[in-house]
Participant: 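First the structure, then my questions, so here it is.
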There are 2 protein chains.
Amino acid sequence: MSDALGSDQSPPALLIRKLASTAQLSDRDRGAIGMLPFAVLTFPGRTSIVHEGDAPKQCCLILDGWAYRCRTLANGQRQIFAFYVPGDMPDIESLHLHVMDQGLVAIAQTTVAFVAHKDMRALIQSNTNVAMALWRDTLIDATRCRERVISLGRRQAVGRMAHLFCEMYVRLRTVALADDLRYLLPLTQAELADALGLSSVHANRSLQELRKMGLVTLHRRELIIQDWSGLATTAEFDPSYLHLI
Amino acid sequence: MSDALGSDQSPPALLIRKLASTAQLSDRDRGAIGMLPFAVLTFPGRTSIVHEGDAPKQCCLILDGWAYRCRTLANGQRQIFAFYVPGDMPDIESLHLHVMDQGLVAIAQTTVAFVAHKDMRALIQSNTNVAMALWRDTLIDATRCRERVISLGRRQAVGRMAHLFCEMYVRLRTVALADDLRYLLPLTQAELADALGLSSVHANRSLQELRKMGLVTLHRRELIIQDWSGLATTAEFDPSYLHLI
DNA sequence: TTGCAGATTTAACTTATGATAACGTAGAGA
DNA sequence: TCTCTACGTTATCATAAGTTAAATCTGCAA
């Protein structure tokens, strides 16, 4: 992928920057996060970081690459719930809910930093403010999930896709992985379809519709937004649900 | 509705019982929750408890009745995100996210107990364990949201409806508002449709399909599950995502 | 270069769901 | 009793999206 996010690339620095994008952190908070011991691991594309049914003893922080959470139904259909990008901690909830009811999968090659639950718990116990920031982060994850519900329930395919493109642009921009209305979107159309509740054929049709409308191009995994306001209108996109400061 | 939930009907007692259904609470925790000052208010059916765009200064606890969170799109379509029943605190998140991006609406006549944010914050600051239980509760709310995503994305209308009926049965049973495979479902078919991402006509068709399959009856707001295992199979329902102890 | 595998695109056809409108029913209140 | 209203039901037609299959295209490795 790419090394954005400013100078200090260490896992704690990334986590601090991420949490500070949605909450206020004091120097004491930053210091406490800075002490967290992380173990860094790289996963090849399309491999599982956490399996459905696992009971992890650690949380992970995406450093580089993308991941998604998904579940497979009995008939083999898949639903992708959410995408995670650098700075995100996709499984903070495993601190509280011990069995993962969905898997976490690396999309392209993805580097992840793990912190043991016990270290996270110690941090949370000793630093209420950081606990609140983490809690807040999980709540924002939930608002994104609700936005997904509205998309699936009440938007048509083209609007859903436009909405996802808008959301990812805004999120990637906060970690300096998008600018100038373009970003790397390492998804196949089949994965896009699984996220949007579509068949891959219809995902393809919808994408072409967006192209035909002159809103985006997507070629070689690079998404270019040609008409932001048109795209946002098509999506009825209002970024306030992301609760960025 | 009905007065279930055992002997002590006070708001703190209800909250304690609810949190204890998904987390361990010590006597000290229970004592601390018991001290929370609540203000009780009753809302007529189809009135707004919290408006979209509000910045509430209090959290609410449903004592009696049902409520739902919803948002209305530009074209007038509505999406209901979640239903809340006695024992639920639908807007704990307002402690952390100050503007509600959706409304909270009472369905039938609904009684609600309000706690001021400052009192909740004091409780959370002084009692980490209760904070963790509340956090955990918001995470379970999020797992329900994800379950909704899977329903909307990958299940057909009949399966979606079956899944909702299963979930509400299990949830209502934990607060003694359902037993013997039946419960009060105070929703119109139009509301059911808004929750399931369907038109009301198709919600009606799907309901009739469930009846024809011999799985449920719904008459005069009473839902009777005639064939639990058939319904659960149709829904591919697995209650583990509710994380009940 | 060639061949291969995965990804995208296109086409033809089917199906689930939406939209609209008419009609039925039951309860509330005059 | 009558009327009004909110809901539920039914029918018809329109359309978004699914399914299947085959034709390209792309990148990659031999």
Side-chain angles (χ1 to χ4, degrees), chain A residues 44-47 73 75-80 105 107-109 150-164 184-213 216-223 234-235, chain B residues 44-47 73 75-80 105 107-109 150-164 184-213 216-224 234:
Chain A
R46 272 81 198 176
T47 54
L73 290 182
N75 59 10
Q77 290 193 105
R78 268 188 349 159
Q79 178 66 46
I80 293 178
V105 178
I107 300 180
Q109 174 172 303
I150 254 216
S151 256
L152 293 173
R154 290 298 181 215
R155 280 192 257 262
Q156 312 214 135
V158 171
R160 281 182 220 174
M161 188 169 287
H163 197 275
L164 180 65
L184 240 69
L185 182 78
L187 301 172
T188 65
Q189 293 186 9
E191 286 162 332
L192 218 40
D194 285 338
L196 300 174
L198 300 172
S199 67
S200 62
V201 170
H202 201 65
N204 180 271
R205 286 195 277 248
S206 307
L207 183 53
Q208 288 181 55
E209 180 67 22
L210 287 175
R211 287 201 260 246
K212 204 166 62 186
M213 294 166 77
V216 304
T217 66
L218 174 57
H219 186 58
R220 310 265 206 111
R221 307 283 128 107
E222 187 185 41
L223 185 88
T234 303
Chain B
R46 273 77 198 179
T47 54
L73 290 182
N75 60 9
Q77 291 194 103
R78 267 189 348 159
Q79 178 66 45
I80 293 178
V105 179
I107 301 180
Q109 175 172 303
I150 256 218
S151 256
L152 293 173
R154 288 300 180 214
R155 279 192 258 262
Q156 313 218 133
V158 170
R160 283 181 218 173
M161 187 168 288
H163 197 274
L164 180 64
L184 241 70
L185 182 78
L187 302 171
T188 66
Q189 293 187 6
E191 285 162 332
L192 219 39
D194 285 338
L196 300 174
L198 301 172
S199 66
S200 63
V201 171
H202 201 65
N204 180 274
R205 285 196 277 247
S206 307
L207 183 53
Q208 288 180 54
E209 180 66 22
L210 287 176
R211 288 201 259 245
K212 204 166 63 184
M213 293 166 78
V216 304
T217 66
L218 174 56
H219 186 58
R220 310 270 204 107
R221 308 284 129 109
E222 186 184 40
L223 184 88
I224 301 178
T234 302

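Letters go in sequence order (proteins before strands), and every chain restarts at 1.
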Participant: So which atom in A:R160 and which in A:L152 form the shortest heavy-atom distance, rounded to 0.1 Å?
Facilitator: NH2-O, 3.5 Å
Participant: Would you say the side-chain atoms of B:E222 pair up with the backbone N or O of B:H219, donor to acceptor, closer than 3.5 Å?
Facilitator: no
Participant: If you measure from CG on A:L210 to CE on A:M161, what distance do you get to the nearest 0.5 Å?
Facilitator: 6.5 Å
Participant: With rounding to the nearest 0.5 Å, note down the distance linking CG in B:N75 to CZ in A:R155.
Facilitator: 10.0 Å
Participant: Residues in ring pair (Phe, Tyr, Trp, His ring centres under 6.0 Å) with B:H202, at least two apart?
Facilitator: none
Participant: From CG of A:N204 over to P of D:dT20, roughly how many Å is that when rounded to an integer?
Facilitator: 18 Å
Participant: Main chain of A:L198, side chain of B:R154: is a donor-acceptor contact present, judged purely on distance under 3.5 Å?
Facilitator: yes
Participant: What is the nucleic acid contact for B:R46, judged by heavy atoms within less than 4.0 Å: base, sugar-phosphate only, or nothing?
Facilitator: nothing
Participant: Rounded to the nearest Å, what distance is computed from the CD atom of residue A:Q79 to the P atom of nucleotide D:dG18?
Facilitator: 11 Å
Participant: Specify the separation, in whole Å, of atom CD of B:Q208 and atom P of D:dC7.
Facilitator: 18 Å
Participant: Identify whether any heavy atom of B:R154 sits under 4.0 Å from a base atom; if not, whether one sits that close to sugar-phosphate; answer base, sugar-phosphate or nothing.
Facilitator: nothing
Participant: Could you state the atom-to-atom distance from CG of B:L152 to C1' of D:dG18 in whole Å?
Facilitator: 17 Å
Participant: When you compare the side chain of A:I107 with that of A:R46, does any pair of heavy atoms fall below 4.5 Å?
Facilitator: yes
Participant: Walking along DNA chain C from 5' to 3', note the first and the last nucleotide with an atom under 4.0 Å from a heavy atom of chain A, and give both.
Facilitator: C:dA7 to C:dA12
Participant: With the side chain counted from C-beta on, respond yes when B:E191 and B:L196 share a heavy-atom pair under 4.5 Å apart, and no when they do not.
Facilitator: no
Participant: Under 3.5 Å, side chain of A:Q208 to main-chain N/O of A:R205, donor-acceptor pair present?
Facilitator: no
Participant: Roughly, in whole Å, what's the span from CG in B:L192 to C1' in D:dC7?
Facilitator: 13 Å
Participant: List, with names and distances, any nitrogen or oxygen atoms from the protein found under 3.5 Å away from nitrogen or oxygen atoms belonging to nucleotides 13-17 of chain D.
Facilitator:
from   : atom 1 : to     : atom 2 : distance (Å)
D:dA17 : OP1    : A:A157 : N      : 3.0
D:dA17 : OP2    : A:H202 : NE2    : 3.1
D:dA17 : O5'    : A:H202 : NE2    : 3.3

Participant: For A:N75 and D:dG18, give me the distance from atom CG to atom P, rounded to whole Å.
Facilitator: 13 Å
Participant: When the nearest nucleotide of DNA chain C is assigned to B:V201 and to A:R221 on a heavy-atom basis, which residue is associated with the more 5' position?
Facilitator: A:R221
